[in-house]
Amino acid sequence: MNIKNFIFILLFVTIYSFTKIEIYKPNHFPEPFIPEQNQLTEDRIKLGKKLFFDPILSRDSTISCSTCHNPRFAFTDRKEKAVGIKGNVVNRNTPTLTNVAYNNSFMLDGVNPSLENQALVPFHEKNEFDLHILIASDRLLNDSAYVDLSMRAYGKNPSPYVITSALANFQRTLISGNSKYDQHINNNIVLTESEAKGKDLFFNKLHCTECHSGFNFTNYSLTNNGLYEFYPDSGRIRLTGDINDRAVFKVPTLRNIEVTYPYMHDGSINTLENVIYHYMSGGKNHENKHEILKPFFLNTDEVNSLISFLYTLTDTSFINQQ
Ligand code: HEC
Ligand code: HEC
């Protein structure tokens with residue numbers, strides 16, 4: 001190959017690999033926010049995905065992001081509280097990463113402002129990776145596959161910036177919008193009688209959509225849903241110091257809720273049936289409990305219908321992705 005052709009191909013490959021791509025999203029979803037300096041590209045997503053599944057990021061190379069955020073369970077772990085390096089237990093339940101691109105705050109108390117920032121947390125947490133991110137990036141520098149991919153993705157060698165950016169880039173592709181419920185609203189797939197009854201309860205008869213509203217079944221607010229009178233975990237007050245934020249947690253999405261048990265910030269409720277009993281009781285008296293939460297009654301048939309509606313939010317193509 002002569003030098004002119006070589007330069008031409010090099011230029012082409014460079015431009016191609018930096019070309020931003022559109023996020024895959026269903027038409028009934030809004031555009032997620034993507035920071036200007038971290039637009040999605042094929043190589044960035046590829047690098048982020050490789051990092052997400054690689055235990056090299058933890059001190060003893062045993063734990064990856066996917067240990068806790070397992071795609072099969074909609075990026076959760078089926079544990080009451082997350083378990084990291086050396087079997088150490090984290091003090092909270094692992095949240096799903098379903099549609100995480102749309103979150104406007106991260107962590108269960110909303111302490112983190114961006115996905116890029118959030119990606120730093122597992123490194124310095126003693127119970128998660130327990131590895132300084134500079135040591136992690138030195139490890140990657142010794143791996144030619146990572147160096148290549150990092151150059152193609154960001155034009156730089158592996159660094160904390162590259163690691164956190166790539167992880168955020170990959171996570172923004174975790175879009176779930178192809179459940180039976182989505183097929184029902186887009187293509188008129190018929191719900192069973194029980195699912196339809198549950199849908200009516202959820203949207204029209206109960207108060208669920210006061211908080212679990214919109215395309216992602218959350219209004220992204222932070223509130224108290226009356227789980228306890230005294231919370232061992234103080235919630236958002238840790239960040240703000242404001243007593244109105246005591247025991248206040250983020251309203252989670254209900255998408256893929258069938259597979260993300262156990263539930264709540266501390267994994268204390270095992271089944272959807274028990275979640276519904278919790279709401280039926282009106283919740284415990286806590287000074288910050290949302291005022292809409294009052295006792296109500298459902299018979300067994302109605303409880304089952306509500307559960308079967310919640311099951312229509314399971315997106316098997318999302319859970320089975322490679
Ligand atoms: C040991 C288990 C564990 C590991 C490993 C882990 N996480 Fe998490 N993750 C959690 C827990 C628990 C939370 C909730 C933390 C909190 O609110 O204090 C969380 C929260 C998050 C959130 C915030 C989600 C939201 O809705 O606010 C994101 C994003 C995230 N993790 C991504 C990652 C990435 C990327 C990695 C790898 C670099 C990773 N996690 C590694 C357990 C884990
Ligand atoms: C006032 C706001 C509000 C209302 C109304 C509400 N929820 Fe919630 N819901 C929350 C919050 C906040 C959490 C998370 C609490 C925590 O992490 O401890 C939550 C958690 C859940 C969870 C567990 C999610 C998970 O991933 O752990 C389910 C399931 C759920 N709600 C279903 C419902 C249903 C069904 C209704 C209607 C009967 C309802 N919610 C009404 C605020 C609300």
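Starting from 1, each residue takes its place in the sequence as its number. Just follow the structure's listing: the first ligand is 1, and inside any ligand the first atom is 1. Treat the numbers as computed from the prediction; the structure is a model and nothing was measured.
- We find the NZ-CG distance between Lys49 and Asp54 to be 13.5 Å, quoted to the nearest 0.5 Å.
- Of all the atoms in ligand 2, the ones that sit under 4.0 Å from a non-hydrogen atom of Thr223 are 2 (C), 12 (C).
- Between the side chain of Glu302 and the backbone N or O of Asn299 there is at least one donor-acceptor pair closer than 3.5 Å.
- Annotation for ligand 2: atoms under 4.0 Å from non-hydrogen atoms of His290 are 1 (C).
- Under the 4.5 Å side-chain heavy-atom criterion for Ile, Leu, Val, Met, Phe, Trp and Tyr, Tyr102 and Ile34 are members of the same hydrophobic cluster.
- Stacking of Arg78 on the aromatic ring of Phe73 is recorded, both the 6.0 Å distance cut-off and the 45° axial limit being met.
- Counting heavy atoms closer than 4.0 Å to ligand 2, residue Ile269 contributes nothing at all.
- Cluster annotation: Val100 and Leu51 are assigned to the same hydrophobic cluster (Ile/Leu/Val/Met/Phe/Trp/Tyr, side-chain heavy-atom contacts under 4.5 Å, transitive).
- Atoms of ligand 2 found under 4.0 Å from any heavy atom of Leu227, numbered from 1 in the order shown, are 18 (O).
- At least one N, O or S atom of Tyr279, from either the backbone or the side chain, sits less than 2.8 Å from atom 8 (Fe) of ligand 2.
- Other residues, nucleotides and ligands contribute over 12 non-hydrogen atoms within 6.0 Å of the NE2 atom of His124.
- Lys199 forms no cation-pi arrangement with Tyr181, by the criterion of a distance under 6.0 Å to the ring centre and an angle within 45° of the ring axis.
- For residue Cys211, no N/O/S atom approaches atom 8 (Fe) of ligand 2 to within less than 2.8 Å.
- Using modelled atom types, one finds a donor on one side chain and an acceptor on the other under 3.5 Å when comparing Ser176 with Asp315.
- By the rule that hydrophobic residues join a cluster once side-chain heavy atoms approach within less than 4.5 Å of another member, Leu310 and Ile269 end up as members of one cluster.
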Ligand 1: which protein N/O atoms lie under 3.5 Å from its N/O atoms?
residue  : atom   : partner : partner atom : Å
ligand 1 : 7 (N)  : His69   : NE2          : 3.0
ligand 1 : 9 (N)  : His69   : NE2          : 3.1
ligand 1 : 17 (O) : Arg92   : NH1          : 3.0
ligand 1 : 17 (O) : Leu108  : N            : 2.7
ligand 1 : 18 (O) : Arg92   : NH1          : 2.9
ligand 1 : 26 (O) : Asn103  : ND2          : 2.9
ligand 1 : 26 (O) : Lys250  : NZ           : 3.3
ligand 1 : 27 (O) : Met107  : N            : 2.7
ligand 1 : 27 (O) : Lys250  : NZ           : 2.7
ligand 1 : 31 (N) : His69   : NE2          : 3.0
ligand 1 : 40 (N) : His69   : NE2          : 2.9

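- Few gaps surround CD on Glu287; more than 12 heavy atoms of other groups in view lie less than 6.0 Å from it.
- Using a 4.0 Å cut-off to heavy atoms of Leu272, the atoms of ligand 2 that qualify are 29 (C).
- Atoms of ligand 2 lying under 4.0 Å from at least one heavy atom of Tyr263, given by number and element, are 23 (C), 25 (C), 27 (O).
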